[in-house]
Every structure is written in C-alpha cells, then in structure tokens.
Amino acid sequence: MPETKVKKEEDFHEWYNEMVELAGLCDKRYPIKGMNVWRPYGWKIMQNIDALIREEMISTGHEEVYFPLLIPESFFKKEEEHIEGFSQEVFWVTHAGDNKLEERWLLRPTSETAMYPIFSLWIRSHSDLPLKVFQIVNTFRYETKQTRAFIRVREIHFFEAHTCHVDFEDAERQIEEYKKVAERFFRKLCIPFIFNKRPDWDKFAGAYYTISIDTLMPSGRTLQLGSIHQYRDNFSRPYNITYEDKEGRHRYCHQTTYGMSERILGALVGLHGDNRGLVLPPIISPIKVVVVPIIFKGKEKEIVERCREISNRINQAGIKSVVDEREETPGSKFYDWELKGVPIRLEIGPRELENNTVVIARRDTGERKEVRIDDVVDEIGKTFESIDQHLYQKAKEFMDSHIVRVDNLEEARRYKGFIVEIPWCGRKECAMKMEEELDVKTLGEPLERNVEPNKLCPVCMERAKTIIRLAKSY
Ligand code: ZN
C-alpha cells in the first residue's frame, strides 16, 4: 500500500503538514498566513466535533448565542489585565470606506468584552442566575510565532461557554461541571489529557485562575486543547454585572468560562493518524463505512448490486456508508479511503457474493475478517467499539508512559520529549530557572497538590510545596 512521503516517526511536523492537505482537511494556499481554507472534508469533521460539544452544552443547561464579531474599543478597554494580555494580538477596524470611524472596533480575540456589557443588561435579579450560554464562532488573534494548520492560526474556529453565578461557590460548582464535560467529551474523541492549574503568570488575562486541558503529541510537545477559567468578580466589577439578591442588596456576579478550538482536530490528526493517513474515531467520521466492490469479469453487475444492497442496509441502521463505484482499481480506492481515515471498509468480490459474506477491514489495525451478511450491522457496531477502545488506549499509554517524576534537574535532563514532574517551592524565579535550564515551558500544577514530604525545590533547595509539570509545548 502506498504511504506518505514523510514518515510520522521520522519527522512528525513534516508528516503533519503533509497530512492535513493530502487528507483534504484544509488548503494552506490562501494568501494570509495563518488563515487557511476549510475544505469540505475537514469542515465536516469539525462540524461533527461541534455537534458533540453542543450535545454536552445542551445537556448541562447552556443556551447557544451568537454575538457580533466586532467589539467597540470602549467595551474592550474596561478590564485592565485583559487589555494588557490581548493588546498585541488584536486586529483593529479603523475605517468604513474612506471614512475614519469615530471609535475603533476590533475583531474578537475571545468574547468577554463583547458579551459582558450585554450581560449587565440581561441580569437583574438572583432569579436570572445562573446564566449559562455558549457560542461557536471564529475568533482572530495576530500570531507572530510560526503558524501550523489547526494548531496555531490567526483565524480560529472557537467554542466558548460563559456563565454568571450568585457567588464564588456556585461558580466553583460550574468549574467542577466543566471538568466532567471535558472528561466525557475528550473520551468520545479518544483523546487522553491532563488538567494543569496554570501558574499565576500564565493564566488567562483577567482570570482568578486557569485550568488548562493538555495532551501530549507524538512530537513530545504538549498541546493545549482547551481551558476552564474562574473569573471570580474580576470582570463583573468593571462591566457592572450585578443582581439583586433575596434581601434586595446589589451584588456582583461571579463568572466562569470554558474555551476550546479547532486544535481538537489537530490533536485527532496527530495522535491517531499513521503513515497511510488519518485514523478517525467512528463517532466523528463523516463516512463511517465504505463498501468497495472487488470487480471480477462477468460478475460486475451482481457484485455492485450486492454492494448497494449492503450499503442500504447499513444506512438504514443509521450508520453512514457509501459504495465506491469509481472506475479505479480496488488498490487505489483502498488508498484513498485509508488516507481519509474511514473506520471500516467492506470488500465484496465473487467469493463473498457466492458465500453471502463480506470482508470487514479495520482502518486502525488493518485486521480483516469475513462475516455473514446477516451479521454485518452487528459486526460493524462491535468493531466501532473496539476501534474506539483501541485508539484511546494507545494514545493514553503513550501519554502515561511519557509523564515522569524526578527530583532534580540532572534527572529531568534525561527525559526529552516527556512531561516532567518536579518538586517546586511555588516561586516564579525557580520555575523560570527550570524552564531555562531544561528548555521547556511550565504547564502548571496538578489539580490536587501532591508532593512527598521532605522533597526540596531543586533550584533554591527549600521545602517543596507542590510539584510543577514542565514540557515543551506548542
Ligand atoms: Zn525554589
């Protein structure tokens, strides 16, 4: 079977760059760097991922909204840390035709500053709370680092949930709910991850604290897939989001957000793909089963008829399948569908026609087996479950086997391409020193503080308060 020019295990980034275009996910020839064209196949997969997000949001009581893309400068400038964090990344709109605008507008880099002035109008009393909304939109950030399809782009397909609560405790309960949402959602996509509490110097601009959702890519670099933020009343004060409590007092709301992006698709490509192409988890694959007729002279018509019959049967069971009736060799059809990552291929030739069977081939392991026509729908269901388990286990084993706990920098140096856990006193200077010495970035702390007693911070040699996770990251 033909394979990609570049091997995944030899040069992951080259392989990735080649794969996203070969598989028909995006076209990188658009003349603005970091703004790629979504091709139909890539967009379908993304829409299927979005559908899973919507399902989670609806089941946890969120409502979908759509706020304008443009934000007036006066809205944006209310929360100081937020402005500072984003000011170098925003695109400004200054003119309409030849006329200079009275006030500059910016393209949303995220939607706090578009939504919150409006939330302050929507929320009046405690009975309006909690407010739980989300939107799936494009956001814009001027990236100066090297761009990479789905992973680092300037126009970002983005999901953001925003909530308002009566107090800090209720907002904390929301954070717990988001942690569960993330667990369910990423498990469906067979993507393992770890939560990291970001250090104060690297939290979201304006947040009280930030929990990031990080996975480890085969390159040995971590990829942040999303984040959950506790804002406390940091935004509700400048944006004046208040409510009247039961005693008639006016109080500030406490807020949270949960964000994710098209990086999820980047993770799917990188974690599950191989040298033949994408390997998609069945749940988000636009086509779940492809039926390939193995034509034999004199039997053409019967074989194609049988393929259509089987495909109909599968579609009626609610599983999207297609028959590949193109005038190509079976070999080149196999190649195309493997590249697209379709989870199951069925083959029907004269032998199967005769025996009333089909051959089921799995994309992930390449295994093939012959099953009776009457069992085909059941077998597909079982195979989907098995593919889902296999993809998740494989990615999880890779991640787990690349997290290592060490006591000092000497030891840490031996683990290139790993997530290293190391005792830490909690001081920024010490973390910075570790980043520099090891040429890595701070991911943050595990959510549960865990460090053995008597461990020392390897930089200042004082008693460690926790462990810190360090890795190379995107
Ligand atoms: Zn220290």
Side-chain angles (χ1 to χ4, degrees), residues 19-20 22-26 38-56 58 136 157 185 187-191 262 264-265 268-269 272-273 276-294 303-326 328 330 332-348 352 357-369 371-392:
M19 190 52 62
V20 292
L22 267 183
L25 303 181
C26 69
W38 287 89
R39 296 186 61 185
Y41 194 61
W43 189 241
K44 269 186 211 135
I45 299 172
M46 196 66 230
Q47 295 288 300
N48 290 348
I49 296 170
D50 289 347
L52 292 181
I53 298 175
R54 281 199 175 88
E55 202 178 286
E56 279 295 340
I58 302 301
I136 299 177
H157 182 70
F185 173 75
R187 176 58 192 84
K188 286 179 191 163
L189 297 174
C190 310
I191 298 176
E262 60 184 84
I264 297 164
L265 179 52
L268 284 174
V269 174
H272 304 317
R276 292 178 180 191
L278 305 179
V279 179
L280 295 176
I283 197 168
I284 45 97
S285 189
I287 296 166
K288 301 195 195 301
V289 177
V290 58
V291 187
V292 179
I294 312 295
I303 290 175
V304 169
E305 276 305 315
R306 177 62 62 81
C307 286
R308 289 180 188 159
E309 200 183 298
I310 302 273
S311 177
N312 281 338
R313 193 185 289 203
I314 298 167
N315 286 334
Q316 272 162 19
I319 302 164
K320 169 79 178 163
S321 77
V322 295
V323 182
D324 187 347
E325 295 186 29
R326 293 175 301 160
E328 304 268 343
S332 77
K333 290 179 182 178
F334 292 180
Y335 172 79
D336 288 347
W337 296 108
E338 287 184 348
L339 187 57
K340 293 218 175 290
V342 172
I344 290 179
R345 179 182 74 228
L346 300 184
E347 302 164 17
I348 300 171
E352 290 77 26
T357 58
V358 295
V359 169
I360 291 194
R362 289 169 66 139
R363 172 65 183 88
D364 61 335
T365 58
E367 283 167 74
R368 297 166 81 250
K369 76 172 180 185
V371 302
R372 290 176 40 231
I373 284 183
D374 287 339
D375 297 335
V376 73
V377 171
D378 276 354
E379 282 294 333
I380 288 170
K382 281 185 213 153
T383 309
F384 281 164
E385 266 175 50
S386 170
I387 292 172
D388 171 89
Q389 282 291 337
H390 174 245
L391 291 181
Y392 179 69

Determine whether a donor-acceptor pair (N or O, by modelled atom type, separation under 3.5 Å) exists between the side chain of Lys340 and the backbone of Ala23.
yes

Using only atom types and a distance under 3.5 Å, with no angle test, would you say the side chain of Ser321 pairs donor to acceptor with the backbone of Ser311?
yes

Within the 4.5 Å heavy-atom criterion, are Leu52 and Leu189 side-chain neighbours or not?
yes

Pair Glu55 + Lys188, salt bridge at N-O below 4.0 Å:
yes

Pairwise side-chain contact, Val323 with Val292, heavy-atom cut-off 4.5 Å (strictly under):
no

Distance check, rounded to the nearest 0.5 Å: Ile45 atom CD1 versus Leu278 atom CG?
6.0 Å

Once rounded to the nearest 0.5 Å, what's the spacing between atom CD1 of Ile284 and atom CD1 of Ile49?
5.0 Å

So does Lys369 pair up with Glu367, basic N to acidic O under 4.0 Å?
no

How close do Val358 and Ile310 get, heavy atom to heavy atom, and via which atoms?
CG1-CD1, 4.0 Å

Quick one, Val289 with Ile319, criterion side chain to side chain contact (heavy atoms under 4.5 Å, CB included). Give me CA distance, side-chain angles, the key distance, then yes/no.
CA-CA 8 Å; Val289 177; Ile319 302 164; 4.0 Å; yes

Output yes when Arg308 and Glu305 qualify as a salt bridge under the 4.0 Å nitrogen-oxygen rule, no when they do not.
yes

Establish, yes or no, whether the cationic atom of Arg276 lies under 6.0 Å from the six-membered ring centre of Tyr335 and within 45° of the ring axis.
no

Are Glu379 and Arg372 within salt-bridge range, i.e. N to O under 4.0 Å?
no

Verify, without hydrogens or angle tests, whether Lys320 (side chain) and Ile287 (backbone) share a donor-acceptor contact under 3.5 angstrom.
no

Is the closest side-chain heavy-atom distance between Glu352 and Glu347 below 4.5 Å?
no

Indicate the atoms forming the closest heavy-atom contact of Pro286 with Tyr41, along with that distance.
CG-CE1, 3.7 Å

Measuring from atom CG of Leu265 to atom CG of Asn48, what distance do you get when rounded to the nearest 0.5 angstrom?
11.0 Å

Side chain proximity check, Arg39 to Leu25, heavy atoms < 4.5 angstrom
no

Tell me, do Asp364 and Pro343 make a side-chain contact under 4.5 Å, heavy atoms counted?
no

For Glu385, does the CD atom sit with more than 12 other heavy atoms under 6.0 Å from it, leaving out its own atoms?
no

Under the criterion side chain to side chain contact (heavy atoms under 4.5 Å, CB included), I'd like the reasoning laid out for Ile283 against Asp388: C-alpha separation, chi angles, the key distance, then a yes or no.
CA-CA 9 Å; Ile283 197 168; Asp388 171 89; 5.8 Å; no

Between Pro281 and Cys190 the two heavy atoms that sit nearest each other are CB-SG, 4.0 Å

Student check: side-chain heavy atoms of Val290 and Phe334 closer than 4.5 Å
no

Is there side-chain contact between Leu22 and Leu339, with heavy atoms separated by less than 4.5 Å?
yes

Under the side-chain hydrogen bond (donor to acceptor under 3.5 Å, both in side chains) test, residues paired with Trp337 that sit two or more places apart
Asp324

Pick out which of Arg362, Arg345, Lys333, Arg363 makes a salt bridge (Lys or Arg N to Asp or Glu O under 4.0 Å) with Glu338.
Arg345

Would you say that Pro293 contacts Ile348 through its side chain, given a criterion of any heavy-atom pair below 4.5 Å between the two side chains?
no

For Leu280 and Val342: C-alpha separation, side-chain torsions, deciding distance, then whether side chain to side chain contact (heavy atoms under 4.5 Å, CB included) applies.
CA-CA 6 Å; Leu280 295 176; Val342 172; over 6 Å; no

Give a yes-or-no answer on whether the side chains of His157 and Asp50 include a donor-acceptor pair shorter than 3.5 Å.
yes

In Å, rounded to the nearest 0.5 Å, how long is the span from CZ of Phe384 to CD of Gln389?
15.0 Å

From CD1 (Ile58) to CD1 (Ile53), nearest 0.5 Å
12.0 Å

Approximate separation, where rounding is to 0.5 Å, of Ser285 OG and Ile387 CD1
9.5 Å

Check the pair Val304 / Glu325 against side chain to side chain contact (heavy atoms under 4.5 Å, CB included), numbers first and verdict last.
CA-CA 8 Å; Val304 169; Glu325 295 186 29; 3.8 Å; yes

Asp374/Arg313 ion pair, N-O < 4.0 Å:
yes

